[in-house]
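Structure first, commentary second.
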Amino acid sequence: MIEEYFKTTWKITEIDSDIVKEVCTAKNILDVGCGYNQYKKYAINSFWGIDLACDQADEIIDIIDFKTDNSYDLIICYGSLNFYSIQWIEDRLRKIVSLLDLQGKIMMKVNPGYPHVDGTILPWYDKWTIPLAKHYAEVFNLTITNIREAQHGRFKFDYIKHD
C-alpha cells in the first residue's frame, strides 16, 4: 500500500531550507525515503538517495536491506519513519544510527498520524510525540536538537550522534 501510494500518487510537498543548508556543507549524505531526490541538486559532495518506491531515487530499497561500507555525516529521514509499528520504526532507526558518523546528524520529520495532504490515510504509526523522539535520543545515545513544528500537524527535529 505505502509503496504504491508513493509511486503513483505522492507529490513533493516542500523543500526544507534547514535541509538545504545542511546538504550544502555535508560531506557524505544519505537521504532515506528521498522521493524525487529533490535535495541532491544542492549537494556539493557525496549524496545517495534511497526510497521504497520512487524511481528517481538512486536506489529503490528499504533502509533495512541497504548495504554499504560508507558512513554518513548527514542522514535525512523526512517522512520515512512514520509507518506501521514501533518495532518497524526502531529497526530502521537502529540501522540509520549505525550508518551515522560520530558527530553526524539525522534530520527527521515525523507524522503523528494525520492524513496526508491529499487526504490519504496510510498505515501511520500514530504515536510519534516529542517525548518519543527524546526517548529514542536516549536509547540510541543521540542528542535531540532543533525541535520545530512542520506543516499539517507534523514536527521536525535533529539527532546528533555522540560518544
Open item on the list: Is there a side-chain contact between V20 and C24 in this structure, where contact means two heavy atoms from C-beta onward sitting under 4.5 Å apart?
Closed with: yes
- [ ] Look at the side chain of R94 and the backbone N and O of R92, then say whether any donor-acceptor pair between them is shorter than 3.5 Å.
- [x] no
Open item on the list: For a 4.5 angstrom cut-off between non-hydrogen side-chain atoms, does F47 reach D31?
Closed with: yes
- [ ] Taking the side chain as every heavy atom from C-beta outward, state whether N70 and N28 have any atom pair closer than 4.5 Å.
- [x] yes
TODO: Please report the closest heavy-atom contact between I96 and C77, naming both atoms and the distance.
DONE: CD1-SG, 3.5 Å
- [ ] If the plane angle is over 60° it's perpendicular, under 30° parallel, otherwise tilted; pick one for Y42 and Y39.
- [x] tilted
Open item on the list: Checking Y78 against M108 for the side chain to side chain contact (heavy atoms under 4.5 Å, CB included) test, could you report, in this order, the C-alpha distance in whole Å, the side-chain angles of both residues, the deciding distance, and whether it holds?
Closed with: CA-CA 5 Å; Y78 259 39; M108 301 278 296; 5.6 Å; no
Task: Check: D158 side chain, N146 main-chain N or O, donor-acceptor pair, under 3.5 Å - done: no
Task: Nearest-0.5 Å distance that lies between atom CD1 in I89 and atom CG in N82 - done: 7.0 Å
Open item on the list: Taking D65's backbone N and O only, do any of them form a donor-acceptor pair with D62's side chain (distance below 3.5 Å, no angle check)?
Closed with: no
TODO: Flag yes if I160 and I147 sit in one hydrophobic cluster, no otherwise; membership is Ile, Leu, Val, Met, Phe, Trp, Tyr, and two members link when side-chain heavy atoms are under 4.5 Å apart.
DONE: no
Task: Steps toward side chain to side chain contact (heavy atoms under 4.5 Å, CB included) verdict (F155, R148) - done: CA-CA 6 Å; F155 63 96; R148 57 215 184 270; over 6 Å; no
Open item on the list: Can a donor-acceptor pair be found, under 3.5 Å and without considering hydrogens, that links the side chain of Y136 to the backbone of L93?
Closed with: no
Open item on the list: For the CD atom of Q56 and the CD atom of Q38, what is their distance to the nearest 0.5 Å?
Closed with: 9.0 Å
Open item on the list: T143 and side chain to side chain donor-acceptor pair (under 3.5 Å): which single residue from H162, K161, E138 fits?
Closed with: H162
Open item on the list: I want to check something: taking the side chain as every heavy atom from C-beta on, are I76 and C34 in contact at a cut-off of under 4.5 Å?
Closed with: no
Task: Check: K95 side chain, F66 main-chain N or O, donor-acceptor pair, under 3.5 Å - done: yes
TODO: Determine the minimum heavy-atom distance between D73 and A26, stating which atoms define it.
DONE: OD2-CA, 3.5 Å
Open item on the list: Taking the side chain as everything from C-beta on, heavy atoms only, tell me whether K105 gets closer than 4.5 Å to Y159.
Closed with: no
TODO: Check whether any side-chain heavy atom of M107 sits under 4.5 Å from a side-chain heavy atom of D18, and report yes or no.
DONE: yes
TODO: Taking K156 for its side chain and K109 for its backbone only, find out whether a donor-acceptor pair lies under 3.5 Å.
DONE: no
- [ ] With W128 as reference, evaluate V110, I86, N111 under the side-chain contact (heavy atoms from CB on, under 4.5 Å) test and give the passing residue.
- [x] V110
- [ ] For the pair D91 (side chain) and W88 (backbone), establish whether a donor and an acceptor sit closer than 3.5 Å, ignoring hydrogens and angles.
- [x] no
TODO: Report yes if the side chains of V97 and L142 come closer than 4.5 Å at any heavy-atom pair, otherwise no.
DONE: yes
Open item on the list: Check for me, please, whether I60 and L81 land in the same ILVMFWY cluster - side-chain distances under 4.5 Å, paths through other members count.
Closed with: no
Task: Verdict with reasoning, I29 to I75, per side chain to side chain contact (heavy atoms under 4.5 Å, CB included) - done: CA-CA 6 Å; I29 304 156; I75 300 177; over 6 Å; no
Open item on the list: With a 4.5 Å cut-off on side-chain heavy atoms, are I50 and L30 touching?
Closed with: yes
Open item on the list: If you apply the rule side chain to side chain donor-acceptor pair (under 3.5 Å), what do you find for N37 with D58, and how did you get there?
Closed with: CA-CA 8 Å; N37 230 347; D58 296 306; 3.2 Å; yes
Task: Distance (rounded to the nearest 0.5 Å) between S46 OG and K40 NZ - done: 8.0 Å
Open item on the list: Keeping D101 on the side-chain end and G104 on the backbone end, is there a donor-acceptor pair under 3.5 Å?
Closed with: no
Task: S80 side chain vs V32 backbone, donor-acceptor pair below 3.5 Å - done: yes
Open item on the list: Whether the side chain of Y72 engages the backbone of I106 through a donor-acceptor N/O pair (distance < 3.5 Å, no angle test) should be reported.
Closed with: no
